[in-house]
Structures are given as structure tokens and as C-alpha cells.
Protein chains: 2
Amino acid sequence: MARAAGVSATTVSHVLNDVSYARVSPETREKVKTAAAELGYGPNRLAQALRSRRSGVLGLVSEDVATTPHAGRMILGADQAARARGYTLMLSNTAGSAGTDLREADVESLLERQVDGILYATMYHRCLQPPANLGKVPAVLVDAVTADGGFPAVVPNEYGGAAAAVEALHAAGHTRIGFLNNTEDVPSTHQRLKGFRETLDRAGLDGAGAPVVTASSDADGGYAAAGRILDGGNPPSGLFCYNDRMAMGAYRAAAERGLAIPADLSIVGFDDQELIAANLHPGLTTVALPHYAMGAWAADRLIDMIEAGTAGAEPEPVLLACPLVSRGSVAAPADRVRAQG
Amino acid sequence: MARAAGVSATTVSHVLNDVSYARVSPETREKVKTAAAELGYGPNRLAQALRSRRSGVLGLVSEDVATTPHAGRMILGADQAARARGYTLMLSNTAGSAGTDLREADVESLLERQVDGILYATMYHRCLQPPANLGKVPAVLVDAVTADGGFPAVVPNEYGGAAAAVEALHAAGHTRIGFLNNTEDVPSTHQRLKGFRETLDRAGLDGAGAPVVTASSDADGGYAAAGRILDGGNPPSGLFCYNDRMAMGAYRAAAERGLAIPADLSIVGFDDQELIAANLHPGLTTVALPHYAMGAWAADRLIDMIEAGTAGAEPEPVLLACPLVSRGSVAAPADRVRAQG
DNA sequence: CTGAAAGCGCTAACAC
DNA sequence: GTGTTAGCGCTTTCAG
């Protein structure tokens, strides 16, 4: 290209990269730019990377890209943030079930490609043991934490999300609120429960005494759990569900009992899986998981680390807000209030 | 590294790459390998790429990675296929709404990074106008076709999927089958309708006379459409729905009319969105979109082109099968048959 | 103001 | 059998 523009490679480099200390005449600048435009010339980022020891590539290793619809949002957030700062994402899917050695190999392959940093993402909030070689470049954990810190990490504020759900029900006038929780031993199970109880306490309701039923985190589990809670003594008028799938089961349980939503029973879900939440009738009011924001935050943080050259491990995982998404499944507990009033 | 093993770089290259024509003594081989292992040495793929003019990277530009839960499956398929042949995926999200010039810039950025080929994916089956610079490297279209051919492309066999759905209903004994179709002017709308009618004809039923109602492709649309078809004269005992969201609406319409699924009404969806299909009650029998397979096929085909050095445009888009996924929403039309028998 | 030289890490061709 | 040389496309001194 340089040769074709009748000028040296150095000059081309200077012009096209807007090198600050370069003094190039306006005419030469023009000549280079038009030549570049005509030839459709683009720099070879590989050669640049080799020379500068900066690839401008972020490795994204994600466990089971496919298993959750949220994956896309996270990738998108990371991609946008990366792109905004001139970086590109390189993908590497890892099987969640794979052994540490295999996942280490995945990281290694990214390392060989000279990625400047690595985003290590899981598809649901969990605590993991990262591969040993992850520390070789700056790295950030997405939707995951390690037992011993060591990496900056970003996870959803599960506690706050549960609080938002309970507050929405309380604000609508509900005083008897139940929780359909998951049975798995994952952070979200515990933190959403904690958020549920403590928010009730703060509202002057009895958190410890509020009905909580656990089941598998799908529609069938939600159906069964809702059945148990609705058929028990003094059933709640508002139901907070561990996730949207359980809420979907709760809808069915309510329908079978002749309870209209939201007139007779208000429901709040969690996850904001649009496919479910927007297609239920009425639309499900739910708490959104901040996948886009987590992806974007992580990429930004990673690039900061890369450009600062610091390993700077965050002492605590960063919590991102889980905002309430209102649709139509929450209303005042009208009948009950009138009946009791 | 070479220097550290007391041997030349050439020799290191020869043993680590198993170069066929290299004659290296077994002792030297050992020496190199142990040195590499101890240093945790991995080759610099960037330098290799610069030298060999082969990056081993596939660009994946996808319109709106995030908007559909299927995105992950497609990416996963492409990633697995690519990885199996030593390639890695580099991501570039493009806004579906963006102009051609913007999408051209996205492709350009991948080109600058010297990708060996490009996978251009849309998130639902459509006909598109690819950016002009896409032709600069081998490229394959995923879930999309161009008006004028030019690129190999892979799309779902919508017609075959619709046929499978109708056949499942017919095999269960249904002779009066209706179709809830989408209103949008996209290939799937037309091809599923064609598959619906022609399969009925082949079964000796009246394809042209079969009831078809169109509505928006979500639960509300499905609810409305199902209502119209069920309240009409001589309502069908089997319903084929354009997608799972519409089927979800049809479930509600059936419930409101006291029709049990599948006893009183059999339903088949399309898309196999597990979030919906597996969580409805009963589980929705539906037709799966082959996103994983499309991703894998496309990556494989692309690598073939790259390694063969041919542009070899496929004359026709490749159709991948949409298999039926049986859950619990199809049964024999028992009541009706008895009533009429 | 502009260009020549050196070198990022690697490999192909060719010596020795 | 093994090492030397050259060069992939770029950027960074440093000369002119």
C-alpha cells in the first residue's frame, strides 16, 4: 500500500494512526488517505498486534453458551462495550460439565491467540473454581464468583431483586405474601430467600413466619408448590416466585382453583424471560436479570485492567441491580380487603 | 523459547508442528518437548498467522445476537464445528436495523483482523442483501438467503417441518386440522402454509379447504386466532400453530372453552422454544428449528471453502430438517370419533 | 517533514 | 540432523 501511494510505510503508519509526534505535510496526508480509500486498504491488525504486543482481542469463555436464553444478552453487552473501545470478542465455549484440565485447555487456546484479557462467564450465578492458567492475563468473572476472590467479578444483586419483588407486592397492598423457592443449593436460592424475608420484616410484616414452599425450578415445580401454598390455611394474596418458569406453573395452579390473576392472586416472577413473561396472560411482572449490564460492565472493567496494566483484583464481587419489570400480574388484593373490611 | 532449549527456532518449529519433511533426532525432539512443557510454552498463533497468511479464525457476524434464544444454539454449533477443525470464532454483532454501510464496517473490521472466512447469520429465516465486502473472503449465510444466490447458505426446511407437524396429527387420527399462521411476509410464513396444505392433500384431506387463520405471532395472536377457529363452524380437532408462542395462546383459548389438551384438542407448535414447550401443560409437541445443525454445517462448509481455496458458490440454499419433538399435546381425537361413529 | 533500519515470533527454503 | 537467512505487515527509534 505504502509503496503504491508513492510514500514510505512509515509515513502511512503515521498518517493512518494519527501519530501525535509525527510531522507530515497536509499534502502527503491527503495523498495517503486517498490512496488508502481507493485501494480499500485496511491495516493488518495481526501485524499490528505482533509488533505492539496488543491484540485488541478479548477472550470470552462461557460455560454452555447455549443453555440459557440469557447468554445472548450477556454476549451482546460484552460485545458492545468491547467494540466501543476498539476491542473484539473471541469466543470459546466450554462445557460446564468438563473437568478443570479441559477448561484450562480452552483458556490456553485463547492465550495462544494472544488475547489481551479473558471474560470468564457462567450462565447462571454460581461459585466456581477457575482454571489455573486464567491468571496469566487480566480476567474478569461474569455471573460467577470464586471462593477465594482473586478476580474481579460481577453478579446480579439477587437480594435486591427479591426485595424489589416483595416491595411491589407490598406497595400494591398485599400483607400476606408467599414465596415459591427453588430447591437447588445455589447463591440465588439463598439470597432471594434472604431478600424476601428481610424485606417483609422491614415492611413490618412477619418475614420469618411468611409461607415459603420449595420445589424444582420449572413449571411443574411451580404448579405443585403453588398448589400447596394456596391450599394451605390462610393462603397468601401475593406470590413471589423464584423464577418465571415456576410462576408459569403458579398461573396454572391459580386457574385450576378459579383464582383470577391479578384480581384474586398477584404474582411476581424472577429472570424476565421474555418468552414466558410477555406471553403469559396477564403479562408477568418480574425481576430482570442484568445480563446485558453484566457483560458490558465486565468488558469495560477488563479493558481498564488491560490498559492500566494492573491486575487489581476487586476485593468484593460487584452487584448489579435487578430491576422490576411491571406487566400485569400485580394488583391490589381487592376481594380479600373488601371481605375483611 | 528455542534459545532456552539450547536449539534453534527452526528445530522447535519442526518438532512442535510435526513437520513431515523434518529430520530431527529423537533426543532433540525430547529436549524440545520437555523444555516447552517446563516453560509452559505455547506457540504465538498471531505470528504463525502473519507468516502463513492463515489466521485460523472465523468471523461470525450475526444480526442481533441477543434477540432470540436460538442464537446460542447456532453459535454453539458453529463453535464446536470450528474448534473440531482447529478454528476459533470471532464475534461481531450487527444491528439488524443498521444500514448496509454500517454492516459493511462490521465486516471490514473482521477483515482487518484477517479472518479466514465469515459466517453471516440472521436470527430468523430471511432474505437479505449482504454487505458488498462480504465477498472478499469465503462466506456462508446462516438462516438466511440472498435474492441472487452468490453465497452458500443454510436454512431450515420449513416446508418439511410443517409436513411433519401435519403428519403427526394425521397419524394420531385427526382428519380436521387447522392452521394458526403468522401474518408477516417472511419465508417461514409461506413455506409452512404450503407444507400444511400440500401434506393434507397428500393425506387425502382437503388442503385448500382446511381452516387457516392468521394473527400476530405471539401468545395474544394465537389466543385470538384459536378463538376464531374454535368458535367457527365445524372446528378442527387438531391445530398446527406457526410457533410455540401462538400455541401458548391456543392453550389458553382451549382452556377457556373447556377443551382439554390433548383429549379434546391436539396442538402442534413450531420452533421448539424449550422455555415454552417444556413448561406448558401438557408439554407441547412441536417442530424444532435446527439452529445447532445450521451453525455446525455452516462452519464446516466455510472451512471446506477456506481449505480448498475455492469460492464455490452453492447454487441452492441447503435445507436442514426440522424434526418433530413429541411431548404431550397430541392424542387421538377420541371424543369426536366416538360421537360420530 | 520523511525514510531507512530493526525487530515482534514464526516458518519455508536452503545451506552445511 | 540442524542452523541460517529472509520476510509475513507493521511500528518505533533514529537519520537525514
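Proteins come first, then strands; the chains are lettered A, B, ... in the order of their sequence lines, and each starts at number 1. Just so it is clear, the structure is predicted and the values come from calculations on it, not from any experiment.
Within the nucleic acid shown, A/Thr28 comes within 4.0 Å of sugar-phosphate atoms alone, with no base atom in reach, counting heavy atoms only. Counting any heavy atom pair closer than 4.0 Å across all strands shown, A/Ser25 reaches sugar-phosphate atoms only and no base atom.
Side chains of B/Arg45 and A/Ser109: a donor-acceptor N/O pair is absent below 3.5 angstrom, by distance only.
Contact annotation: the side chain of B/Glu104 never approaches that of B/Val107 to less than 4.5 Å [non-hydrogen atoms, C-beta and beyond].
Checking side-chain atoms of B/Ser55 against main-chain N and O of B/Gln114 turns up a donor-acceptor pair under 3.5 Å. Under the 3.5 Å distance criterion, the side-chain polar atoms of B/Arg103 are left unmatched by any main-chain donor or acceptor of B/Pro130. One N or O on the side chain of B/Arg113 and one on the backbone of A/Gly56 form a donor-acceptor pair closer than 3.5 Å.
In this structure, B/Arg113 places its CZ atom 15 Å from C1' of D/dG9, rounding to the nearest Å. Taking atom CG of B/Leu50 as the reference point, atom P of D/dA6 lies 18 Å away to the nearest angstrom. Atom pair A/Gln114:CD and C/dC8:P shows a separation of 14 Å (rounding to whole Å applied). For the pair A/Leu46 CG and D/dC8 P, the computed distance is 15 Å after rounding to whole Å. Residue B/Arg53 contributes atom CZ, which lies 19 Å from atom P of D/dA6 at whole-angstrom precision. Between the CZ atom of B/Arg51 and the P atom of D/dT5 there is a distance of 16 Å, rounded to whole Å. Straight-line distance from the CG atom of B/Leu39 to the P atom of C/dG9: 14 Å, rounded to whole Å. When the P atom of C/dG9 is taken as reference, atom CZ of A/Arg54 falls 15 Å away, rounded to whole Å.
Within the 4.0 Å cut-off from OP1 or OP2 of D/dC10, at least one side-chain nitrogen or oxygen of A/Tyr41 is found. Phosphate contact (OP1/OP2 of C/dG3, side-chain N/O of A/Thr11, threshold under 4.0 Å): present. Phosphate proximity of C/dC8 to B/Asn44: absent, as no side-chain N or O sits under 4.0 Å from OP1 or OP2. At least one side-chain nitrogen or oxygen of A/Tyr21 sits closer than 4.0 Å to the OP1 or OP2 atom of D/dT12. Between B/Gln48 and C/dG9 there is no side-chain polar atom (N or O) within less than 4.0 angstrom of OP1 or OP2.
Side-chain atoms of A/Thr10 come within donor-acceptor range of the base of C/dA4, with a qualifying N/O pair under 3.5 Å.
In terms of position along DNA chain D, the nucleotide closest to B/Ser52 lies nearer the 5' end than the nucleotide closest to the other residue of the pair A/His14 and B/Ser52.
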